[in-house]
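None of these values were measured; they are calculated from a predicted model. Just so it is clear: chains get the letters A, B, ... in the order the sequence lines come, proteins before strands, and each one is counted from 1. Values reported hereafter were calculated over all heavy atoms of this structure, with side chains retained and with hydrogens, waters and symmetry mates removed.
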Protein chains: 2
Amino acid sequence: MPRPDPEKVAEAVFAALAEPSRRGILSALAVRGPATATDLASQLPITRQAITKHLELLAAAGLVLAEPGERRRIRYRVNAAPMAMAQSYLAALARDWDGKLARLQRSLDATELDAPAPPSGAAAPEPNTPELNTPAPPSGVTAAEMEWRSK
Amino acid sequence: MPRPDPEKVAEAVFAALAEPSRRGILSALAVRGPATATDLASQLPITRQAITKHLELLAAAGLVLAEPGERRRIRYRVNAAPMAMAQSYLAALARDWDGKLARLQRSLDATELDAPAPPSGAAAPEPNTPELNTPAPPSGVTAAEMEWRSK
DNA sequence: TTCTATCGCAACCAGACAGTTGCTATAAGC
DNA sequence: GCTTATAGCAACTGTCTGGTTGCGATAGAA
């Protein structure tokens, strides 16, 4: 299993968290513990199918883990691991954009941030995006973010 | 001007960063400095209008600031301030989940119980969402995330 | 004045997406 | 066996979104 692209992970996390229904699902799981889609559908004002769809996306982002239980039951529980990558990504962006604010931020979040600072230069551009013409930023932000969706 | 809802700010930041084109725009601005939509359109493989749309969203999220210049020129520059809120939000989530996860793991290892008692009391549901019945997490995550889009 | 550079408004399009409903399959429990 | 609980597959719908093209307006510069 190759190491996941931090930016892709961050993107998935951001997309997941940008949607209120999904934050609601995550919150319900965090507060009440692992639950099935049916459980969640009884707790939240959307249907089981909608919940399932969201859970699939959340699982793809790594923010929930599916654990098969008794019968056909599948319980989902929250998983904080991808958050670290998303946090790193944000921290790197903030640091890059505004050195002063980033330093302040670092001092404020010194106890929360557990990801090491990405001090290295830009990663190599992905070979499958040849139309990229924006040079990679000197920070951890990679040229991969120049990847445009091919339609 | 009332204090912006941290969760709303974070949501806007996440939505902005979840999209590769917008990350590309932000990167171009960060690397090359303030630019107009027309500048950016010449640097990136999408049209000026598309750029403009993205810039509007980025401005709404506070991630870019528009600075009118000479003629009709409007240059946009990156603004890191909202990142702090997004980072705080992520940090609070990660901290909250990790804590529960650790307790949950211990509980699972011991008894296989699936529903540990919630450690804190529930926040009052918002009066405009009477169907909400998920208690707010004890962290900075508010019941506002229970807000469902009204269609 | 004309020319150049940039912007804004508008319409259009295809695909994505959040949510719904209907139905069937499966895994137990009784 | 029947019943119950949960999941999966599928289709559908309306809205949203990323991107395009066309056109005109505006602010200077020459």
Side-chain angles (χ1 to χ4, degrees), chain A residues 11-12 14-26 28-29 34-61 64-77 129 131 145-151, chain B residues 11-12 14-26 28-29 34-61 64-77 112 114-115 129 131-132 145-151:
Chain A
E11 176 179 324
F14 297 148
L17 293 179
E19 214 277 320
S21 301
R22 284 197 283 275
R23 293 203 300 278
I25 289 168
L26 290 168
L29 290 176
T36 63
T38 307
D39 293 336
L40 291 166
S42 73
Q43 297 167 28
L44 303 169
I46 54 174
T47 63
R48 172 179 64 85
Q49 289 311 129
I51 299 271
T52 298
K53 280 183 174 175
H54 286 305
L55 285 172
E56 278 164 9
L57 189 143
L58 289 168
V64 298
L65 300 173
E67 294 170 338
E70 69 284 0
R71 291 187 168 195
R72 294 191 75 184
R73 210 158 277 172
I74 304 173
R75 285 197 176 82
Y76 295 85
R77 63 181 172 90
T129 56
E131 66 271 17
E145 80 187 22
M146 295 289 100
E147 158 192 323
W148 307 102
R149 291 168 298 174
S150 54
K151 289 193 171 182
Chain B
E11 177 178 323
F14 295 148
L17 294 180
E19 213 279 318
S21 301
R22 285 197 284 275
R23 293 204 300 278
I25 289 167
L26 290 167
L29 290 176
T36 63
T38 305
D39 292 336
L40 290 166
S42 73
Q43 297 167 28
L44 303 170
I46 54 174
T47 62
R48 172 180 65 84
Q49 290 310 131
I51 299 272
T52 298
K53 279 184 177 178
H54 286 306
L55 285 173
E56 278 164 10
L57 189 145
L58 289 168
V64 297
L65 299 173
E67 295 170 336
E70 68 285 2
R71 293 187 168 200
R72 294 191 75 187
R73 207 158 279 174
I74 305 175
R75 285 198 175 83
Y76 294 84
R77 62 179 173 89
E112 296 296 324
D114 59 357
T129 57
E131 66 272 13
L132 299 183
E145 80 185 23
M146 293 293 99
E147 156 192 325
W148 305 103
R149 288 168 302 174
S150 54
K151 290 191 172 180

Beyond-backbone contact of A/Leu55 with A/Leu40, side-chain heavy atoms, under 4.5 angstrom: yes

Value rounded to 0.5 Å, distance of NZ in B/Lys53 from CD1 in B/Ile46: 11.0 Å

N/O (side chain, A/His54) to phosphate O (OP1/OP2, C/dC17) under 4.0 Å: no

Whole-Å distance separating the CD atom of B/Glu56 from the C1' atom of C/dG8: 9 Å

Nearest-angstrom distance from the residue atom CD1 of B/Ile51 to P of D/dG19: 8 Å

B/Arg22 side chain to B/Ala16 backbone, donor-acceptor under 3.5 Å: yes

Contact check, side chains of A/Arg73 and A/Arg75, non-hydrogen atoms, under 4.5 Å: yes

Heavy-atom closest pair, residues B/Thr47 and B/Ala41: C-CB, 4.0 Å

Write out a two-atom table: protein N or O, nucleotide N or O from nucleotides 10-12 of chain D, distance below 3.5 Å.
none

Separation of atom CD1 in B/Ile74 from atom C1' in C/dC7, rounded to whole Å: 7 Å

Atom pair CD (B/Glu19) and CD1 (B/Ile25), whose distance is rounded to the nearest 0.5 Å: 8.0 Å

Length of the line joining A/Glu67:CD and D/dT6:P, which is rounded to integer Å: 17 Å

Distances under 3.5 Å between nitrogen or oxygen atoms of protein and nucleotides 27-30 of chain C:
residue	atom	partner	partner atom	Å
C/dA28	OP1	A/Arg71	N	3.2
C/dG29	O4'	A/Arg71	NH2	3.1

Closest listed nucleotide, where the reference is the side chain of B/Asp39 and the choices are D/dG18, C/dT6, C/dT20: C/dT6

Inter-residue atom distance B/Phe14.CZ - A/Arg23.CZ, 0.5 Å rounding: 8.0 Å

Separation between CD1 of A/Ile74 and CD of A/Glu67, rounded to the nearest 0.5 Å: 11.0 Å

Base D/dG8 to side chain A/Arg48, donor-acceptor N/O within 3.5 Å cut-off: yes

Residues B/Leu17, B/Leu26; criterion side-chain contact (heavy atoms from CB on, under 4.5 Å); working and verdict: CA-CA 9 Å; B/Leu17 294 180; B/Leu26 290 167; 3.6 Å; yes

Integer-rounded Å distance: D/dT6 P and A/Gln43 CD: 12 Å

Between C1' of C/dA16 and CG of A/Leu57, the distance in whole Å: 12 Å

Rounded distance (nearest 0.5 Å) linking atom NE2 of B/His54 with atom CG of B/Leu44: 10.0 Å

Separation of C/dC7 P from B/Leu55 CG (nearest whole Å): 9 Å

Between P of C/dT4 and CZ of B/Arg73, the distance in whole Å: 15 Å

Touch class at under 4.0 angstrom, heavy-atom based, for B/Thr47 against every strand present: base

Closest-nucleotide ordering on DNA chain D, the 5'-leading residue of B/Ala15 and A/Ala37: A/Ala37

Earlier contact from the 5' end, DNA chain C, for A/Ala50 and B/Arg75: B/Arg75

N/O (side chain, B/Thr52) to phosphate O (OP1/OP2, C/dC7) under 4.0 Å: no

